[in-house]
Amino acid sequence: MASTLASPVMRIATWNVNSLKARLPRVEEWLEYAQPDVLCMQETKLADEQFPVMPFSALGYEVAFHGEGRWNGVAIASRVGIEDVVAGFSPHPEPEPVEARLMSATCGGVRVASLYVPNGRSIPSEHYDRKLEWLARVAGWVKEHHQPTDALVLCGDFNIAPEDRDVYDPKKFVGATHVSPPEREALAELCRFGLIDGFRQLYEDPRLFTWWDYRAGDFHSGRGMRIDLMLLTEPLAKQITWALVDRNMRKGPKDRPPSDHAPLFLDLDL
DNA sequence: ATGGTAGCGCTGCTA
């Protein structure tokens, strides 16, 4: 309803909240001061009937959510409308159960997807194989339903560090997931379609991380990875005016604990 | 080399 009076800038954000139930106070706090128009969330860890619609509504956001309960779960909150919501890869039933890792909707004229790529755990493993299969399915889904000239943005926790400058110490990741050539090739496939890493387009520096392990004081020691990405088609990427990882959200007291991911947002001058 | 923490939910799994 705000769309007719909206400023020409659209602020789109992505945040792996690591349980929306546990993180709701921080998400509300962040919406109030960061004022994103669209927020894609991952790892909500909520069944659909548990989703806290009211707190978002009170802040002026409509929500669409796709959860399964204990694990995974993605959602989109928007104050510029949310239409044509699709949970998963297709509006049609899947032949077998599929984890809740993808949903898409049109918000203020932009097709927005919220993705939570499987972690992969280790190499080799069945989990890693499933990660690569899921990424291949994403590429197929992008090509089947979209054109490079569309206004499309994929937001989410990709669980891939695109380059060595996106991890704190490449030597520590030899043979590990998140940096392997097949995973990075899956990202490259999306880029060949015409998607652009919006944050990296603005900032060239290494160590611009979005995730830090909870353990061993990794955040305060600067041991992180840049694995939360926003991939935009060229017409949108050309409109980016600035972008930020809000590391303040990675800090917090025990009674209002942080996610292990910080929110990432960018502004589009549409 | 290992373990370190957090969330869910109650035992161990996932990250």
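Convention: sequence-line order gives letters A, B, ...; per-chain numbering from 1. Only this structure's heavy atoms are used, side chains among them; waters, hydrogens and symmetry mates stay out.
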Under 3.5 Å between N/O atoms: give me all the protein pairs with nucleotides 4-6 of chain B, atom names plus distance.
unit_1 : atom_1 : unit_2    : atom_2 : d
dG4(B) : O6     : Arg215(A) : NH1    : 2.8
dA6(B) : OP1    : Lys254(A) : NZ     : 3.2

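- Rounded to the nearest Å, the gap between the P atom of dT2(B) and that of dA6(B) is 23 Å.
- Look at the C1' atom in both dA1(B) and dG12(B): the space between them is 23 Å, to the nearest Å.
- Toward the 5′ end of DNA chain B lies the nearest nucleotide of Ser19(A), the other residue of the pair Asp157(A) and Ser19(A) mapping further downstream.
- Note that Arg101(A) lies in the cation-pi zone of Tyr116(A), set by a 6.0 Å cut-off to the ring centre and a 45° limit from the axis.
- Of the side-chain N and O atoms in Arg121(A), one or more sit less than 4.0 angstrom from OP1 or OP2 of dT14(B).
- Residues that satisfy the side-chain contact (heavy atoms from CB on, under 4.5 Å) test with Ala243(A), not counting sequence neighbours, are Phe199(A), Leu202(A), Tyr203(A), Leu266(A).
- Among residues at least two apart or in separate chains, there is no ring pair (Phe, Tyr, Trp, His ring centres under 6.0 Å) pair with a member in residues 69-88 of chain A.
- Between Arg70(A) atom CZ and dG12(B) atom P the separation is 12 Å, expressed in whole Å.
- For the pair Asp228(A) CG and dA15(B) P, the computed distance is 15 Å after rounding to whole Å.
- Residue Trp71(A) has its side chain nearest to dT14(B) when only dT14(B), dA15(B), dC8(B) are considered.
- Remark: side-chain polar atoms of Asn16(A) are paired, donor with acceptor, to backbone N or O of Asn18(A) under 3.5 angstrom.
- Asp37(A) and Arg11(A) are not joined by a salt bridge, as no carboxylate oxygen comes within less than 4.0 angstrom of a charged side-chain nitrogen.
- One N or O on the side chain of Arg250(A) and one on the backbone of Trp212(A) form a donor-acceptor pair closer than 3.5 Å.
- The separation between Glu99(A) atom CD and dA15(B) atom C1' is 13 Å, rounded to whole Å.
- One interatomic measurement links the two molecules: NE2 of His127(A) to C1' of dA15(B), which rounds to 12 Å at whole-angstrom precision.
- Between Asp164(A) and Arg184(A) a salt bridge is recorded (basic side-chain N to carboxylate O distance below 4.0 Å).
- Distance, Asn72(A) CG to dT14(B) P: 11 Å, rounded to whole Å.
- In this structure, Phe219(A) reaches neither bases nor backbone, as no heavy-atom distance under 4.0 Å exists between it and the strands shown.
- In this structure, Tyr116(A) places its OH atom 14 Å from P of dG7(B), rounding to the nearest Å.
- If Trp211(A) and Leu20(A) are placed on DNA chain B by their nearest nucleotide, the residue sitting closer to the 5' end is Leu20(A).
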